[in-house]
Number of protein chains: 2
Amino acid sequence: MSDTPESGTRSRTRRAILGAAASVLARDRGATLADIAEAAQVGRSTLHRYFPDRKVLVDAAVADSFRVVERSTAEAAIDQGPPLEAMRRLIAAMVDVGDRLAFLFGDPRVLEEAGCSEPDPFEPDPSVPTTIGLIERGQAEGVFDPELGAEWIQQVLWALVYTGWEAAEKGQLPRHGVTSTVIRTFENGVVTGKR
Amino acid sequence: MSDTPESGTRSRTRRAILGAAASVLARDRGATLADIAEAAQVGRSTLHRYFPDRKVLVDAAVADSFRVVERSTAEAAIDQGPPLEAMRRLIAAMVDVGDRLAFLFGDPRVLEEAGCSEPDPFEPDPSVPTTIGLIERGQAEGVFDPELGAEWIQQVLWALVYTGWEAAEKGQLPRHGVTSTVIRTFENGVVTGKR
DNA sequence: TGTTTTTGAGACATTGAAGTCTCATTATGG
DNA sequence: CCATAATGAGACTTCAATGTCTCAAAAACA
């Protein structure tokens, strides 16, 4: 209960470790704690000092990445304005936190999230607008394909952002082109002759 | 050099192990050799008898899955007929071998494949039509978006098939609906009002 | 049936990552 | 500048997965 706010140094170190964990694990799920410590420019002992064991670290990294992604996407204000515009802002925000997203995307527990809607430990706050909500709003307004399930569309959204991040990672796609490419593909697919 | 063709029993066992490896590893990259042996309904000692160590097994499973996928997609005859039709056949064929594809998709070495075009150990045979070839043909005929890179389109193709497989795996999508949903999304994206 | 393959159970040894601990060194903040 | 906080290096232990081997049972086959 008595919650000493934690010194500046400590919280900075903690952040470095969490960031490194997300970044390293996004690229290699089997990465070693030593790998993560090295990426965080921190001794392995220090890492263990902050996070007793691997499970604790990964859990914390997941929670932290959720916060980061949530904060980024919150700024997109996806409950405001036309769904298409909102979706574009959302995609841009997601691409901005690409490696956090890739990390979450690769975690088996997080992937299940969309399936079971009941015991969702994340985003229980009804005041935070959800992606599904945006999609359903768009479908109601006839902007998004109503014959596709909202969950499916969400999965596609994640998959495309992830693919874009990965392509940039491999140098297949320039960083600055990822967002527009993902948006274009997400909205229109790959076949020409629309509109 | 002297290549005894291997008894029927042995080749059947070998196939069971390779299939189980792909299937199990597709769902959990960190799976244990014991897990794989169990899925193959084979003793752990038998597995080691066929594949001395993990690396050999995984390599063999990758090669095997490549063959399976290639055989399935070859039947799609993607160099025949209109690109759109060919692509639909290709997608159907890929969905059919979903777990093999998911396994390959999850293997770090395979993912790099599209990046470097030179030392590609797979598909060096110019008589086998490539996915990239189909995409470029489609772009040349104005069917596929020419502003998107062919490699990007290929990545999207893989990602959507994988997402479809995963959705079916989680019960989010009925098995029989995967192919049409993937095709629809791949071709048109999620926004309505085309054509 | 009898012979040869093929297999499974289980007893090891090995390995590498995970986790624990100490202690000297470095950084931080008053 | 000093007291305290924070860190890094490294020596250990633990542990689970791996890899090796033997032997008796089961299956395939002629």
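Every value quoted in this text rests on a predicted model; they were computed, and no experiment measured them. Just so we're on the same page: letters track the sequence lines, and every chain starts at 1.
Taking the ring axis of B/Phe51 as reference, the NZ or CZ atom of B/Arg14 stays within 45° of it and closer than 6.0 Å to the ring centre. Geometrically, B/Arg10 engages B/Tyr50 in a cation-pi contact defined by less than 6.0 Å to the ring centre and at most 45° from the axis. At least one test fails for A/Arg71 against the ring of A/Phe66: distance under 6.0 Å to the centre or angle within 45° of the axis.
Note on B/Tyr50: a side-chain N or O is less than 4.0 Å away from OP1 or OP2 of C/dT7.
A heavy-atom distance below 4.5 Å is found between the side chains of B/Ile135 and B/Met87. Annotation: side chain of B/Val24 is not in contact with side chain of B/Glu38 (no heavy-atom distance under 4.5 Å).
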### Query
In the 5'-to-3' direction, what one-character label does each nucleotide of nucleotides 11-30 of chain C receive under the scheme B = base within less than 4.0 Å of a protein heavy atom, S = sugar-phosphate only, - = no such atom?
------SBBBB---------
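The same ILVMFWY cluster, assembled from side-chain heavy atoms under 4.5 Å apart, contains both B/Val56 and B/Leu104.
The pair B/Glu75-B/Arg89 fails the salt-bridge criterion, with no side-chain N (NZ, NE, NH1 or NH2) lying under 4.0 Å from an Asp/Glu carboxylate O.
Across all strands, A/Glu38 comes closer than 4.0 Å to no nucleic acid atom at all (heavy-atom distances).
Between B/Trp152 and A/Thr185, the side chains place a donor N or O and an acceptor N or O closer than 3.5 Å (distance only, hydrogens not considered). Between the side chains of B/Ser23 and B/Arg27, a donor-acceptor pair is found at a separation under 3.5 Å.
Remark: B/Arg175 CZ is packed, more than 12 non-hydrogen atoms of other residues, nucleotides or ligands lying under 6.0 Å away.
Overall bending of the helix from C/dT1-D/dA30 to C/dG30-D/dC1, expressed as the angle between end axes built from five pairs apiece, is 40° (10° steps).
A heavy atom closer than 4.0 Å to some atom of DNA chain C occurs in B/Thr13, these being the qualifying members of residues 13-29 of chain B.
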